[in-house]
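Structure, as structure tokens:
All values below come from the heavy atoms of this structure, side chains included, with hydrogens, waters and symmetry mates left out. Numbers here simply count residues along the sequence, with the first being 1.
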Amino acid sequence: MSEYEPKTLKKAYNKMEHGSARIAAMRGAIQAADQQGDHPFRIFFRLDLCRESNFYDDSMDMMVVFPEVLAIIDKYPDTPSTVFNSNFKDSMAHILWVYKWILSSCTSFYQIPMEDCLKFYEDFKRRSLAYGYNLRPYYKCKYGFYFHIDRAAAEEAFHAFEELPRDANSDCKACERNTVINFYLRTDQPKRAAELSEEIENFSLTCGGGRMRAWLNMKENYMDYYLRKREFEEAEKYCRLIDPNRIRNDEFGAWDDFLYCYAYRNIGKALKIYKNNWKDWEEERCPWSIFEISLNNIRFFQELGRVRKRKTVKLPLDRSFPLYQESGQYSIEEICQYYYNRAGKMADCFDRRNGSQACQHMLREAVEYAK
């Protein structure tokens with residue numbers, strides 16, 4: 001058996017490609033730290049996996065691993081930081097930083113009951129106050145959580161977030177600014193959003209995660225705004241800005257949103273996007289992403305059916321696709337129905353969990369607007 005050396009384990013997985021391969025290597029590091037009873041690295045490796053899962057995968061692994069982190073810190077509350085996270089005062093400070101990603105993601109997994117989602121929020125609130133932090137991040141996440149469930153509760157949370165001062169657990173100024181821009185675009189106040197966007201537009205306000213990150217997030221906010229308004233010519237301008245500036249292997253894929261936009265601007269380009277991305281979309285594990293991707297596929301295939309003379313389309317799908325045809329020829333209507341059924345299943349699950357009809361409304365809207 002080789003000697004346990006956590007620095008070597010981290011160095012090894014850092015050399016791997018982002019995604020499932022690196023996550024598997026991180027699990028090996030976690031197992032090694034567990035066997036050694038190395039509590040700082042038991043926590044650190046798990047939080048590193050959370051970061052990988054959140055930013056480079058579909059967040060599912062993060063949702064599974066993070067409760068293990070809480071169990072460890074509750075048993076060993078004085079666990080210090082490691083050399084790799086010495087910017088945090090101790091492990092709890094690091095945990096509270098990562099906890100925000102959990103709050104932002106739990107809304108995306110219908111498998112987490114509403115009462116458990118609310119328990120996460122209340123636990124984060126309790127731990128934050130006990131540690132001396134305020135609740136600015138708590139309300140920021142709550143705004144996102146309630147947006148599709150209860151608009152009044154979402155707006156109340158947003159304004160509570162705005163009123164509290166920043167502290168050590170607040171996201172960077174640029175990331176928070178994008179949350180504010182998102183709010184004003186969502187509430188159809190584009191002039192206010194434009195004023196708030198100026199510092200990000202001229203790069204006087206940037207994100208610590210990379211010079212382009214805040215700028216890309218801001219452009220994505222605007223792309224989403226114009227897609228919601230079905231102003232596809234304007235939305236396309238943002239697609240063209242985002243595409244060449246995307247950060248490799250990061251969250252700025254947006255391919256299904258591009259698919260939606262180009263369905264109404266360049267159907268050939270939209271078809272190419274579908275052919276290049278269908279496999280990744282089929283393998284997606286995050287339920288909310290499955291729902292949103294399926295909505296955009298409904299929009300695309302309905303528009304393809306409208307503009308195309310033939311009722312079929314040739315697609316490079318393989319045997320993993322449920323409607324696979326060896327000929328490669330597919331009924332546009334049947335493919336559209338497949339994505340409608342997929343979206344409908346997710347909508348039912350989310351609406352039952354959330355106690356609302358919001359997702360069914362979004363599904364009906366996607367079908368109606370596409371006609």
With heavy-atom distances below 4.5 Å as the criterion, would you say the side chains of [X] and [Y] are in contact?
{"X": "Lys311", "Y": "Glu333", "value": "no"}
{"X": "Trp215", "Y": "Met212", "value": "yes"}
{"X": "Thr206", "Y": "Phe203", "value": "yes"}
{"X": "His94", "Y": "Ser81", "value": "no"}
{"X": "Gln111", "Y": "Pro287", "value": "yes"}
{"X": "Ile273", "Y": "Asn276", "value": "no"}
{"X": "Arg306", "Y": "Glu303", "value": "yes"}
{"X": "Pro80", "Y": "His39", "value": "no"}

Does the side chain of [X] pick up a donor-acceptor pair with the side chain of [Y] at under 3.5 Å?
{"X": "Ser320", "Y": "Lys279", "answer": "yes"}
{"X": "Ser294", "Y": "Asn297", "answer": "no"}
{"X": "Asn277", "Y": "Asp256", "answer": "no"}

Whether the side chain of Asn134 engages the backbone of Pro165 through a donor-acceptor N/O pair (distance < 3.5 Å, no angle test) should be reported.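 Present.
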Passing option when Ile43 is tested against Asp48, Val69, Val98 for side-chain contact (heavy atoms from CB on, under 4.5 Å):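 With Ile43 as partner, Asp48, Val69, Val98 yield a single side-chain contact (heavy atoms from CB on, under 4.5 Å), made by Val69.
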Qualifying residues under ring-ring contact (aromatic ring centres under 6.0 Å, His included), relative to [X], sequence neighbours excluded:
{"X": "Tyr139", "answer": "none"}
{"X": "Phe161", "answer": "Phe158"}
{"X": "His159", "answer": "Phe183"}
{"X": "Tyr184", "answer": "none"}

Quick test of your reading of the model: are [X] and [Y] salt-bridged, counting only N-O distances below 4.0 Å?
{"X": "Asp123", "Y": "Arg126", "answer": "yes"}
{"X": "Glu234", "Y": "Lys237", "answer": "yes"}
{"X": "Arg136", "Y": "Glu163", "answer": "no"}
{"X": "Asp61", "Y": "Arg27", "answer": "yes"}

Under the side-chain contact (heavy atoms from CB on, under 4.5 Å) criterion, do Asp280 and Trp255 qualify, and how do the steps go? CA-CA 10 Å; Asp280 288 339; Trp255 288 113; over 6 Å; no
Within the supplied structure, the quantity of interest is the number of heavy atoms (other residues, nucleotides, ligands) at a distance under 6.0 Å from [X] [atom1]; does it exceed 12?
{"X": "Lys275", "atom1": "NZ", "result": "yes"}
{"X": "Arg51", "atom1": "CZ", "result": "no"}
{"X": "Glu283", "atom1": "CD", "result": "yes"}
{"X": "Tyr226", "atom1": "OH", "result": "yes"}
{"X": "Glu176", "atom1": "CD", "result": "yes"}

Ring centroids only, cut at 6.0 angstrom: are [X] and [Y] within range, meaning strictly under it?
{"X": "Phe109", "Y": "Trp288", "value": "no"}
{"X": "Phe55", "Y": "Trp101", "value": "yes"}
{"X": "Phe301", "Y": "Tyr274", "value": "yes"}

Mind running ring pair (Phe, Tyr, Trp, His ring centres under 6.0 Å) on Phe300 and Tyr260 for me, showing each step along the way? CA-CA 6 Å; Phe300 163 63; Tyr260 176 27; over 10 Å; no
Give, for atom CD1 of Ile112 and atom CD1 of Ile102, the distance between the pair rounded to the nearest 0.5 Å.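 Going from the CD1 atom of Ile112 to the CD1 atom of Ile102 covers 8.0 Å.
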Give every residue pair that meets the side chain to side chain donor-acceptor pair (under 3.5 Å) criterion with at least one member in residues 190-203, sequence neighbours excluded.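 Side chain to side chain donor-acceptor pair (under 3.5 Å) check on residues 190-203 returns Arg177-Glu199, Arg192-Glu195, Ser197-Tyr222, Glu201-Lys219, Asn202-Ser204.
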Could you tell me which residues satisfy side-chain contact (heavy atoms from CB on, under 4.5 Å) with Lys89, sequence neighbours excluded, listed by chain and number?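 side-chain contact (heavy atoms from CB on, under 4.5 Å) list for Lys89, sorted by chain: Tyr131.
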Over 60° means perpendicular and under 30° means parallel, so tell me whether Phe41 and Phe45 are parallel, tilted or perpendicular.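 Tilted.
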May I have all residue pairs that pass salt bridge (Lys or Arg N to Asp or Glu O under 4.0 Å) and include part of residues 66-80, sequence neighbours excluded?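 Salt bridge (Lys or Arg N to Asp or Glu O under 4.0 Å) check on residues 66-80 returns Arg46-Glu68, Asp74-Arg127.
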Selection residues 99-109 - residue pairs positive for salt bridge (Lys or Arg N to Asp or Glu O under 4.0 Å), sequence neighbours left out: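 Applying salt bridge (Lys or Arg N to Asp or Glu O under 4.0 Å) to every pair that reaches into residues 99-109, excluding sequence neighbours, yields Lys100-Asp171.
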Whichever hydrophobic residues join Val64 through chains of side-chain contacts under 4.5 Å: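 Noted: Val64 shares its cluster with no other residue.
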Results of side-chain hydrogen bond (donor to acceptor under 3.5 Å, both in side chains) for Asn354 - residues two or more places apart only: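 Asn354 satisfies side-chain hydrogen bond (donor to acceptor under 3.5 Å, both in side chains) with no other residue.
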Test side-chain hydrogen bond (donor to acceptor under 3.5 Å, both in side chains) applied to Arg308 - qualifying residues, sequence neighbours left out: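 Arg308 satisfies side-chain hydrogen bond (donor to acceptor under 3.5 Å, both in side chains) with no residue once adjacent residues are dropped.
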So which atom in Leu103 and which in Tyr121 form the shortest heavy-atom distance, rounded to 0.1 Å?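 Closest approach of Leu103 to Tyr121: O-OH, 3.2 Å.
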Nearest heavy-atom pair of Asp351 and Ser356: which atoms, and what distance?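 Shortest heavy-atom contact: CB-O, 2.9 Å.
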Taking only distance into account, with no hydrogens and no angle test, what donor-acceptor pairs under 3.5 Å do side-chain atoms of residues 142-150 form with protein atoms, sequence neighbours excluded?
residue : atom : partner : partner atom : Å
Lys142  : NZ   : Tyr138  : OH           : 2.9
Tyr143  : OH   : Asn182  : OD1          : 2.8
Asp150  : OD1  : Ala152  : N            : 3.2
Asp150  : OD1  : Ala153  : N            : 3.0

Run the side-chain hydrogen bond (donor to acceptor under 3.5 Å, both in side chains) test on Gln189 and Thr187 for me, step by step, so that the C-alpha distance in whole Å, both residues' side-chain angles and the decisive distance to 0.1 Å come before the verdict. CA-CA 6 Å; Gln189 300 179 65; Thr187 53; 2.9 Å; yes
For the pair Glu236 and Asn266, evaluate side-chain hydrogen bond (donor to acceptor under 3.5 Å, both in side chains) and give the outcome as yes or no after the intermediate values. CA-CA 10 Å; Glu236 184 183 9; Asn266 185 335; over 6 Å; no
